[in-house]
Amino acid sequence: MKFGSFATFAADIEATDADLDVVALVAELFDAADSDLDVVARFVQGRVFPAHSETKLDIGPQLCYTALSRAAGRNVDADDIEARLAETGDIGAVAGSLDLGGQTGLAAFGGGDDHADGLTVSGVADELAALAAAAGDGSQSEKVTLLFGLFNQCTSREARYLARLVLGEMRIGVGEGAVRDAIAEAFDVPTAAVQRALQVSNDYGLVAETARDSGTDALDAMGLEVGRPVQAMLAQAGTVTDALDEWHEAAVETKFDGARVQVHYDGDDVVLYSRNMENVTGALPELVEFVENNVTAPVIIDGEAVAADEDGDPLPFQEILKRFRRKHDVAAMREEISVELHAFDCLHAPSADGGEDLLDAPFSDRHRRLRSVVDDASAVSEVLVTDDADEIAAFEATALEGGHEGIMLKNPAAPYTPGDRGKDWLKRKPDVETLDLVVTGAEWGEGRRASVLGTFLLSARDAAGDGFETIGKVATGLTDEELAALSDRLEPHVRSEDGQTVDIEPAVVLEVGYEEIQASPTYSSGYALRFPRFVSVREDKTPTTADTIERVERLAAQQQQ
Ligand SMILES: Nc1ncnc2c1ncn2[C@@H]1O[C@H](COP(=O)(O)OP(=O)(O)OP(=O)(O)O)[C@@H](O)[C@H]1O
C-alpha cells in the first residue's frame, strides 16, 4: 500500500466524528491494505511496533524537529519548527505546512527501490525499524539522517501523519475498540471472536490477517503463545456477601500490594510483562532467577511482584515502582529493595503433548496446576476455599497483620477471562467507615480461649445521649494477646454473669470495622453490623463520646446511595 493512500485514509478518518463512520472507514482501509495489513492495523492506532515489543523508536521531539527542518531546506531550522508548534500545538499541522523534499544528500533517496515513485507503508515500516535499531555512538545522527530521508520524500499530507506517528501523537480518533469493530466489519467475522483473539494475542496485525485469510474458526482457535503477553484478568470491588451469595463458596487469597507481573518461560528464557504488557524483564533479575531455579517446563504464570525488606516483609507499593521499569542501576537498586514473586494463577502449563492453555479451566484447577509447576511453594499464593464468612474475616485479619493490602475473593469455578473486569474476581471493598462502639456485654471464649472473653456485645449511644442500644457482636480480628488484655481491661466493669454471658457496664470503647449496616430486629438499636471486625481499643474515648445511633442511621442511609 502506498503511504500516500494510508495518509488519505487517515485524513478522512480524522475529519469524521461519528464512531460508526470511523469504523466503516477503518474497515475500508483494512480492505485496501493487502500485504501491509499488519502494519496498517498498528499505524492507524499510532503504533509503530506491537505494544509488547521491546523495540522502541526512541525519537525525541528535538530529533524530529531537526530532521523536519533539514527536509524543509536552508531557510528553516529546528527553532522555527518549535516556534510554529507553539502556535498550532500540532506537529502534524507544522509538518504538513512545510515545503518538504528536493533536498539532496546521502539519505535523501534512501529506503529502497519502492521510493522511486513514492513511499509505501512497508517501506516506512522498514525505515522506522532501522531507525529503532540504531544504537551506540553516532546513533542520534544516524536517526536524524534516516528520518530526514523519509520526510524528504513526503507530500505534505504524508508528512502530517508521519510526524505524528513517530512522536506517538497520531490522534485521529481510532482506539482499540474501533480497530476491533473494523476487523469484524471488513472481514465479516463476529466482533466477539475478534475481541477474544485480541485478548489472547494482543497482536492486531496477526488478528486482522487471521480474520481476513482464515475466518472465524481460525480466530477461535488462536491460543496463547509462551512469550506473547495476554491481557490480565481484572477485579471489581465487591463484598464477602456478594461473593457468597453469588458463588456459594469463595476462594480467598491475600491481595498483595505490588505490581502485576506475567511470567513467560519457554524452557530456556524468562520474559516478564507488566499489566500494560510492557516487557519488564531487565528490571527484575531476581524474578528471572527465581523462575529459572524453580520452574522446569514452559509456563505462563500470573502474579504480583512485591517489594520486600531484609526480613522478607512486604514494603509499600511505592517501593516496587522504584524497581519495576528501571533500565539503569538495576544491580545497585536490587541491593536496596528486593523483589519477590507471589504467583496466583497459571494460564499455560505442561501437558502430555507439550503444553496446554488453561484459560477455560476453573480457577481451582488452574491454581492446583500452578502449585505443581512452581517448586518453591512459598512463592505461590495460599488459597482458602470456604463458605464461612467468619473464616474469610479471620483470613483477612491475618493478611492485614502480615502487612498486605487485604484480600481477593475469586469464584473457584470461573475461567480466566483476559482483559475482563468481570464479577468472578472481587477485591474486597474496604470497610467504609469504622464505628466507635461501647462494650456492654461479652461472652466467654471456647476451647483454648475459655479463660478470656471472646465475643463482645457492642452498643451505640441513643439519641438522647444517656443510654445505649445494642448493634452487634464482634469476635473477629483480635489476637490472643489482645483478647487477654481486653478481658483484664473489662473485668472491673463486669456487672453480672450468667453462664457464658457477661453483663458489662459501659466503659470501654472499641473501634469496629464492618462491611455493611443492616436494618435488623436482632438488636435493640434496630440495626446490625454485617461482618464486624475489631480494629482497636479507643483508649482516647469514653462512652459519652462513642458514636450515636444517629450516626449509624446516617451511615446506613449513605450505603443506599
Ligand atoms: N491474589 C491476587 N489475585 C489477583 N490480583 C491480585 C492479587 N494480589 C494482588 N493483586 C493485584 O490486584 C490488582 C487488582 O486490584 P486493584 O484494583 O487494587 O488494582 P489497581 O491496578 O490499583 O486497580 P484496577 O485493577 O482497579 O485498575 C490486580 O491487577 C493485581 O495486580
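Along the sequence shown, residues are numbered consecutively beginning with 1. Side chains included, hydrogens not; waters and symmetry mates left out as well; all remaining heavy atoms used. In listed order, ligands and their atoms are each counted from 1.
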Legend entry - R428 bridged to E396 by N-O distance under 4.0 Å: yes
Legend entry - Value rounded to 0.5 Å, distance of CG in D242 from CD in E516: 8.5 Å
Legend entry - More than 12 heavy atoms of other groups within 6.0 Å of L20 CG: no
Legend entry - Pair E289 + R334: basic N to acidic O under 4.0 Å: yes
Inset, instruction - State plainly whether the residues R196 and D220 are in salt-bridge range, i.e. N to O under 4.0 Å. - result: no
Inventory of protein N or O atoms under 3.5 Å from ligand 1 N or O:
from     : atom 1 : to   : atom 2 : distance (Å)
ligand 1 : 1 (N)  : E253 : OE1    : 2.9
ligand 1 : 1 (N)  : T254 : O      : 3.0
ligand 1 : 3 (N)  : K410 : NZ     : 2.8
ligand 1 : 8 (N)  : F256 : N      : 2.9
ligand 1 : 15 (O) : K255 : NZ     : 3.2
ligand 1 : 17 (O) : K427 : NZ     : 2.1
ligand 1 : 18 (O) : K255 : NZ     : 2.7
ligand 1 : 21 (O) : R275 : NH1    : 2.5
ligand 1 : 25 (O) : R275 : NH1    : 3.1
ligand 1 : 25 (O) : R421 : NH1    : 3.4
ligand 1 : 26 (O) : R421 : NH1    : 2.9
ligand 1 : 26 (O) : K427 : NZ     : 2.6
ligand 1 : 27 (O) : R275 : NH2    : 3.1
ligand 1 : 27 (O) : R421 : NH2    : 3.2
ligand 1 : 29 (O) : R260 : NH1    : 2.9
ligand 1 : 31 (O) : E304 : OE1    : 2.5
ligand 1 : 31 (O) : E304 : OE2    : 3.4

Inset, instruction - Give me the one residue out of E286, E335, E340 that meets salt bridge (charged side-chain N to carboxylate O under 4.0 Å, His left out) with R323. - result: E286
